[in-house]
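The basis for the numbers below is simple: all heavy atoms, side chains too, and nothing from hydrogens, waters or symmetry mates. Just so you know, ligand 1 is whichever comes first in the structure, and atom 1 is the first atom listed for that ligand.
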Amino acid sequence: MTNIPVITIDGPSGAGKGTVSQRVAKHLGWHTLDSGAMYRVLALAAYQHDIALKNETALANLATDLKVHFEPLSSGTQVILEGQDVSREIRTESCGAAASQIATLPAIRQALLVRQRAFRQTPGLVADGRDMGTVVFPDASHKVFLTASCEERANRRYKQLKEKGIDAKLADIVIEITQRDKRDRTRTIAPLTAAQDAQVIDTTGISIEKVVASILDKKS
Ligand code: DC
């Protein structure tokens, strides 16, 4: 354990974790960890290396050795996989679904947990995902759990994808989000759930600025 401070921001997909984390980190001058991007990039690498999504041992080895680099940018995080910029590619719904599938496998979670903890560096870290407060950083200085209605989350995801020029249908996103939530919440290892000591914020109809202000307010 270390005394480098961590703020964890967990929640289901589309709850606003990414944007909120970036803004909180920017305000504090801290590092960020987008743990979902790790699962996504591993799913993409599995596809590129022709490894089946059920092959737990091969995927865990890949997770340990994978040459992946996360470069913080003002607009988010740039993800470089084996020398290639895959920032856009990992955001597709199919990559999200594959990430959620491999995230059910214990050996993979263990391999990524080691890599996730390495992001804890001075002056501090804002880590977002599903199990940041419950499993990866249980001693975090402040834990947040973001929620929002399924409809709102699907709408946000749709807008985000459109802005990135990624083709998507709203009805498909609603189905995908519902399925992914169910898998993330019901898996036996590190399921999506709020830590007992988390600040729970329902972001439905609330501006990002208000959510960020509420976190910074409670954190101090
Ligand atoms: O946050 P995201 O949509 O990019 O995450 C993609 C998938 O990765 C998500 O459906 C489940 C998995 N994931 C996880 O199991 N644990 C995390 N800490 C982050 C993501």
Side-chain angles (χ1 to χ4, degrees), residues 6-22 32-47 53 56 59-60 63 66 68 70 76-79 81 86-120 125-138 140 143-148 150 153-154 156-161 164 166 168 172-195 198 203:
V6 182
I7 296 177
T8 58
I9 302 186
D10 289 307
S13 74
K17 302 183 301 286
T19 315
V20 169
S21 300
Q22 294 284 345
T32 55
L33 164 62
D34 174 356
S35 61
M38 281 196 173
Y39 286 92
R40 285 172 180 267
V41 86
L42 183 61
L44 179 64
Y47 174 73
L53 296 181
E56 187 169 359
L59 285 176
L66 199 61
V68 58
F70 298 88
T77 307
Q78 188 181 37
V79 185
L81 169 64
V86 295
S87 318
R88 235 180 75 114
E89 220 172 331
I90 61 164
R91 295 295 158 198
T92 60
E93 290 307 294
S94 61
C95 206
S100 167
Q101 224 177 305
I102 60 170
T104 60
L105 305 172
I108 288 165
R109 301 204 70 86
Q110 184 55 37
L112 290 184
L113 180 142
V114 174
R115 297 188 74 150
Q116 286 160 1
R117 286 193 178 150
F119 278 73
R120 189 174 196 168
L125 175 69
V126 181
D128 84 80
R130 304 291 187 291
D131 62 340
M132 295 295 102
T134 49
V135 177
V136 182
F137 303 108
K143 299 178 186 178
V144 178
F145 192 83
L146 295 185
T147 62
C150 182
R153 292 190 285 124
R156 285 183 194 161
R157 194 59 116 186
Y158 179 71
K159 269 175 73 183
Q160 268 175 5
L161 291 172
K164 287 181 181 158
I166 298 172
D172 290 346
I173 295 178
V174 171
I175 296 170
E176 214 284 315
I177 276 191
T178 312
Q179 285 174 347
R180 195 133 69 89
D181 276 3
K182 188 170 174 224
R183 189 163 43 219
D184 292 347
R185 285 182 194 277
T186 57
R187 67 178 177 227
T188 41
I189 177 159
L192 169 65
T193 181
T203 67

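Given atom 17 (C) of ligand 1, the protein heavy atom at minimum distance is Arg130 N, 3.4 Å. Nearest protein neighbour of atom 19 (C) of ligand 1, counting heavy atoms only, is Ser35 OG, 3.4 Å. Atom 13 (N) of ligand 1 has Tyr39 CD1, 3.6 Å as its closest protein atom, hydrogens excluded (heavy atom only). Ranking protein heavy atoms by distance to atom 18 (N) of ligand 1, first place goes to Asp131 OD1, 2.8 Å.
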Considering only distance and modelled atom types, tabulate donor-acceptor pairs under 3.5 Å from the side chains of residues 125-138, sequence neighbours left out.
| unit_1 | atom_1 | unit_2 | atom_2 | d |
| --- | --- | --- | --- | --- |
| Arg130 | NE | Asp184 | OD2 | 3.3 |
| Asp131 | OD1 | Arg109 | NH2 | 3.4 |
| Asp131 | OD2 | Arg109 | NH2 | 2.9 |

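Side-chain contact check for Ser13 versus Arg157: some heavy-atom pair is nearer than 4.5 Å. Proximity of Ile173 to Leu161: side-chain heavy atoms (C-beta onward) are separated by under 4.5 Å at one or more points. Side-chain contact between Asp34 and Ser21 is absent, with no heavy atoms from C-beta onward closer than 4.5 Å.
Near Gly129, meaning under 4.0 Å from one of its heavy atoms, ligand 1 places the atoms 18 (N), 19 (C). Atoms of ligand 1 lying under 4.0 Å from at least one heavy atom of Ala103, given by number and element, are 12 (C), 15 (O). Residue Arg157 has at least one heavy-atom neighbour below 4.0 Å for each of these atoms of ligand 1: 3 (O).
Using a 4.0 Å cutoff on heavy atoms, Gln101 does not count as a contact of ligand 1. Residue contact check for ligand 1: Gln116 places no non-hydrogen atom closer than 4.0 Å to it.
When heavy-atom distances to ligand 1 are checked against a 4.0 Å cut-off, Arg180 comes that close only through its side chain, counted from C-beta outward. Within the 4.0 Å heavy-atom criterion, the part of Arg40 lying near ligand 1 is the side chain and not the backbone. Of the heavy atoms in Met132, only side-chain atoms (C-beta onward) come closer than 4.0 Å to ligand 1. Neither the backbone nor the side chain of Glu93 comes within contact range of ligand 1; no heavy atom lies under 4.0 Å.
Between the Arg156 side chain and the Gly14 main chain, a donor and an acceptor come within less than 3.5 Å of each other.
Ligand 1 has a nitrogen or oxygen under 3.5 angstrom from a nitrogen or oxygen of Asp184. For ligand 1, the polar-atom distance check against Arg109 finds a nitrogen or oxygen pair separated by under 3.5 Å.
By the 6.0 Å contact criterion, OH on Tyr47 is open, its count of non-hydrogen atoms from other residues, nucleotides or ligands being 12 or less.
Here the CD-OG distance, from Gln116 to Ser35, works out to 5.0 Å after rounding to the nearest 0.5 Å. Residue Leu112 holds its CG atom at 6.0 Å from CG of Leu42, rounded to the nearest 0.5 Å.
Of the candidates Val86, Thr92, Ile90, Arg40 forms a side chain to side chain contact (heavy atoms under 4.5 Å, CB included) with just one, namely Ile90.
Ser87 is linked by a side chain to side chain donor-acceptor pair (under 3.5 Å) to Asp85, counting only residues two or more places apart in sequence or in another chain.
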